[in-house]
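As a basis for the values below, the full set of heavy atoms in this structure was taken, side chains included, without hydrogen atoms, waters or symmetry mates.
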Amino acid sequence: MAFGKVSVIGLGYIGLPTAAVIASRGIEVVGVDVSKKAVDTINQGKVHIVEPDLDMVVQAAVTLGKLRATLKAEKAEAFMIAVPTPFKEGKQPDLSFIKSSAEAIAPVLEKGNLVILESTSPVGATEQLATWLQELRPDLSFPQHAGEDADIQVAHCPERVLPGRVLEELVSNDRIIGGMTAKCSERATELYKTFVRGDCITTNSRTAEMAKLTENSFRDVNIAFANELSIICDKLKVNVWELTSLANRHPRVNILSPGPGVGGHCIAVDPWFIVDSAPEQARIIRTAREINDGKPLYVIEQVKKAADQFKRPVIACLGLAFKADIDDLRESPALDITLQLAKSNIGKILAVEPNIKELPEKLSSQNVELVSLQDALEQANVLVVLVDHKPFKSLTSADINTKVVVDTRGLFSRF
Ligand code: SAJ
């Protein structure tokens with residue numbers, strides 16, 4: 001049975017592109033968000049987040065009347081939940097946004113509906129969602145009790161798109177479809193097939209949850225290896241960028257790039273969900289998190305040593321975003337490093353971030369100045385490369401040869 005109307009709960013970095021892509025396939029989509037500002041912006045055909053081409057797709061979907069946003073959930077055939085799952089104090093998963101979503105959709109749920117959890121979640125979260133829904137709607141049956149005969153189908157289909165390439169990857173990536181029963185998987189597959197070109201592979205909800213956490217932990221562990229290597233190489237006076245480019249010529253070696261630490265709201269968070277579920281067993285996964293979380297401190301110490309060489313240090317931090325060519329400052333090691341440097345009173349701190357117009361308050365209140373790359377080159381005696389944004393890649397040795405450079409991204413040591 002085709003889908004006439006789909007509701008997406010949470011219109012952020014994942015929910016909004018998903019809603020817009022489904023709407024672009026001619027399906028009526030209603031997006032629900034708690035932010036009035038986000039809802040109003042979307043209803044004007046505009047976007048409140050930066051992601052390549054998203055503005056065009058949203059504008060087209062809204063203009064054609066296929067996409068609209070509301071503050072209150074309404075009836076639909078399928079509900080896709082794409083809300084944040086951060087961690088709480090003690091690095092325990094915080095499922096409160098999923099719970100609020102359950103409370104928002106429960107009053108409008110009807111027999112035959114499909115509920116999909118897209119948010120990255122600890123193992124068991126989909127079953128927990130179904131339990132909350134059952135408590136709120138005892139008149140309906142759910143898969144945990146009714147199995148294949150349930151009134152409501154529930155599945156976990158983790159999002160796997162890379163910020164900066166979301167629209168492309170939403171369509172081209174394979175999807176893992178973890179239904180609470182085979183029937184749930186089947187129904188969810190029907191929905192994803194309306195817009196996914198990649199394969200839709202079915203499994204159960206717990207395996208789907210663990211698969212997503214595993215993907216991000218795998219990347220975190222591999223980045224931790226690169227970060228640890230970079231610190232070992234500094235000690236041994238070996239250029240880590242040359243080293244990895246040589247080692248990577250081996251047909252079965254593929255070392256990732258060291259950096260100032262791991263940022264974003266996914267890779268720096270999700271491995272903790274595994275650690276929380278299996279604290280005794282998740283040893284490499286925990287250590288990798290600790291190594292990556294410790295890297296900013298190491299960079300700060302390097303910058304302090306560099307600044308010590310000057311009477312009046314002027315330190316330009318190149319990049320604040322959590323990775324190249326995006327505007328997202330959430331959980332960004334570059335931002336943390338800049339803030340800690342400003343707080344340590346070692347000199348004047350300049351920030352260059354071509355993707356934002358205004359500094360976050362926590363930086364401006366510490367007298368950090370947002371300047372152009374050109375101004376930074378004119379004023380600074382210490383350059384700290386924190387993000388490999390495109391404009392920084394065109395710097396030449398003539399631009400930097402009078403400066404002391406702390407290059408966390410290997411921008412000036414490409415092999
Ligand atoms: N990083 C390095 N060295 C590298 C690669 C990345 O230091 O070699 C750093 C980046 O600078 C950044 C952080 O790691 O601070 C994470 O960046 P990323 O590009 O690896 O990943 P995200 O967080 O943008 O997106 C990830 C993706 N997961 C995987 O590649 C396994 C994406 O597919 C997921 O959908 C996303 O997490 C998510 O939402 O979970």
Side-chain angles (χ1 to χ4, degrees), residues 1-10 14-15 18-19 21-22 25 27 29 73 76-83 85 93 95 97-99 101-102 104-106 108-137 140-161 170-171 173-216 270 273 277:
M1 198 177 65
F3 290 86
K5 182 172 170 188
V6 171
S7 177
V8 178
I9 316 297
I14 302 299
T18 305
V21 166
I22 298 176
R25 298 298 186 268
I27 296 172
V29 181
E77 284 145 50
F79 296 87
M80 302 171 89
I81 300 175
V83 293
T85 41
L95 301 188
F97 296 102
I98 298 181
K99 192 169 188 202
S101 306
I105 65 173
V108 296
L109 270 187
E110 284 181 341
K111 186 174 174 172
N113 283 173
L114 167 69
V115 178
I116 293 176
L117 179 62
E118 279 226 3
S119 313
T120 305
S121 299
V123 174
T126 308
E127 292 160 348
Q128 175 66 71
L129 167 66
T131 303
W132 282 326
L133 289 171
Q134 176 77 86
E135 283 164 11
L136 292 159
R137 290 296 302 269
L140 291 169
S141 66
F142 289 81
Q144 63 272 34
H145 297 128
E148 300 285 6
D149 297 328
D151 291 335
I152 307 291
Q153 312 300 321
V154 183
H156 179 57
C157 307
E159 61 84 11
R160 305 159 99 189
V161 290
L170 256 180
V171 175
N173 286 1
D174 294 343
R175 294 300 295 239
I176 300 173
I177 314 246
M180 284 183 67
T181 64
K183 195 169 162 196
C184 297
S185 295
E186 241 172 68
R187 187 72 179 131
T189 303
E190 283 175 49
L191 177 58
Y192 283 92
K193 283 261 164 87
T194 61
F195 66 98
V196 170
R197 235 189 300 117
D199 294 336
C200 293
I201 305 139
T202 58
T203 178
N204 58 52
S205 63
R206 295 175 76 87
T207 308
E209 287 157 345
M210 189 59 182
K212 170 60 196 269
L213 300 179
T214 301
E215 290 161 15
N216 280 356
D270 304 348
F273 293 179
S277 304

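Within the 3.5 Å criterion, the main-chain N or O of Ala76 finds a donor-acceptor partner in the side chain of Asn113. Using modelled atom types, one side-chain atom of Gln134 and one backbone atom of Leu140 make a donor-acceptor pair closer than 3.5 Å. Under the 3.5 Å distance criterion, the side-chain polar atoms of Ser205 are left unmatched by any main-chain donor or acceptor of His156. Although no hydrogens or angles enter the test, the distance criterion places no donor-acceptor pair under 3.5 Å between the side chain of Glu118 and the main chain of Gly15. Looking only at distances, a side-chain donor or acceptor of Lys212 sits under 3.5 Å from a matching main-chain atom of Glu159. A donor-acceptor pair is defined here as one N or O able to donate and one able to accept, closer than 3.5 Å; no such pair exists between the side chain of Asp270 and the backbone of Thr120.
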Practice prompt. Just do the side chain to side chain contact (heavy atoms under 4.5 Å, CB included) check on Thr181 and Gln153 with the steps written out, would you?
Written response: CA-CA 8 Å; Thr181 64; Gln153 312 300 321; 4.1 Å; yes

Practice prompt. Evaluate side chain to side chain contact (heavy atoms under 4.5 Å, CB included) for Leu129 paired with Ile81, printing each intermediate quantity in order.
Written response: CA-CA 10 Å; Leu129 167 66; Ile81 300 175; 4.0 Å; yes

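Separating the CD1 atom in Ile176 from the SG atom in Cys157 is a distance of 9.5 Å, to the nearest 0.5 Å. Here the CG-CG distance, from Leu109 to Asp151, works out to 10.0 Å after rounding to the nearest 0.5 Å. With values rounded to the nearest 0.5 angstrom, Ser141 atom OG is found 7.0 Å from Lys111 atom NZ. One finds the CD1 atom of Ile27 at 13.5 Å from the NZ atom of Lys5 (value rounded to the nearest 0.5 Å). Ile98 CD1 to Ile9 CD1: the interatomic distance, rounded to the nearest 0.5 Å, is 12.5 Å.
Among all heavy-atom pairs drawn from Pro143 and Met180, the shortest one is CB-CB, 3.8 Å. Nearest heavy atom pair, residue Ala155 against residue Cys184, reads CB-O, 4.4 Å. When every heavy atom of Thr18 is checked against every heavy atom of Ile14, the shortest pair comes out as OG1-O, 2.7 Å. Considering every non-hydrogen atom in both Ser121 and Thr85, the closest pair reads OG-CG2, 4.1 Å. Contact record, Ala104 with Ala73: O-CB, 3.4 Å, taken as the closest heavy-atom pair. Between Arg175 and Leu170, the shortest heavy-atom contact is NH1-CD2, 4.1 Å.
Residue Lys193 qualifies as open at atom NZ: its count of foreign heavy atoms under 6.0 Å is 12 or below. Residue Phe97 places its CZ atom among 12 or fewer non-hydrogen atoms of other residues, nucleotides or ligands, all under 6.0 Å distant.
Remark: Asp199 pairs with no residue by the salt bridge (Lys or Arg N to Asp or Glu O under 4.0 Å) rule, at least two apart or across chains. Residues passing the side-chain contact (heavy atoms from CB on, under 4.5 Å) test with Ala106, sequence neighbours excluded: Leu133, Leu136, Arg137. Considering only residues two or more places apart in sequence or on other chains, Glu190 meets the salt bridge (Lys or Arg N to Asp or Glu O under 4.0 Å) condition with Arg187.
Side chains of Gln128 and Lys99 form no contact here, defined as non-hydrogen atoms less than 4.5 Å apart. Between Ser101 and Leu117 there is no side-chain heavy-atom pair separated by less than 4.5 Å. For the pair Glu127 and Gln144, the minimum side-chain heavy-atom distance is 4.5 Å or more. Between Arg160 and Asp174, some side-chain heavy-atom pair lies under the 4.5 Å cut-off. In this structure the side chain of Tyr192 reaches within 4.5 angstrom of the side chain of Met80, judged on heavy atoms. The shortest side-chain heavy-atom distance between Leu95 and Trp132 falls under the 4.5 Å cut-off. In this structure, Ile22 and Phe3 have side chains that are not in contact, with every pair of non-hydrogen atoms separated by 4.5 Å or more. Side chains of Ser7 and Ile105 form no contact here, defined as non-hydrogen atoms less than 4.5 Å apart.
A side-chain contact (heavy atoms from CB on, under 4.5 Å) with Ile177 is found for one member of Thr202, Thr203, Val196 and no other, namely Thr202.
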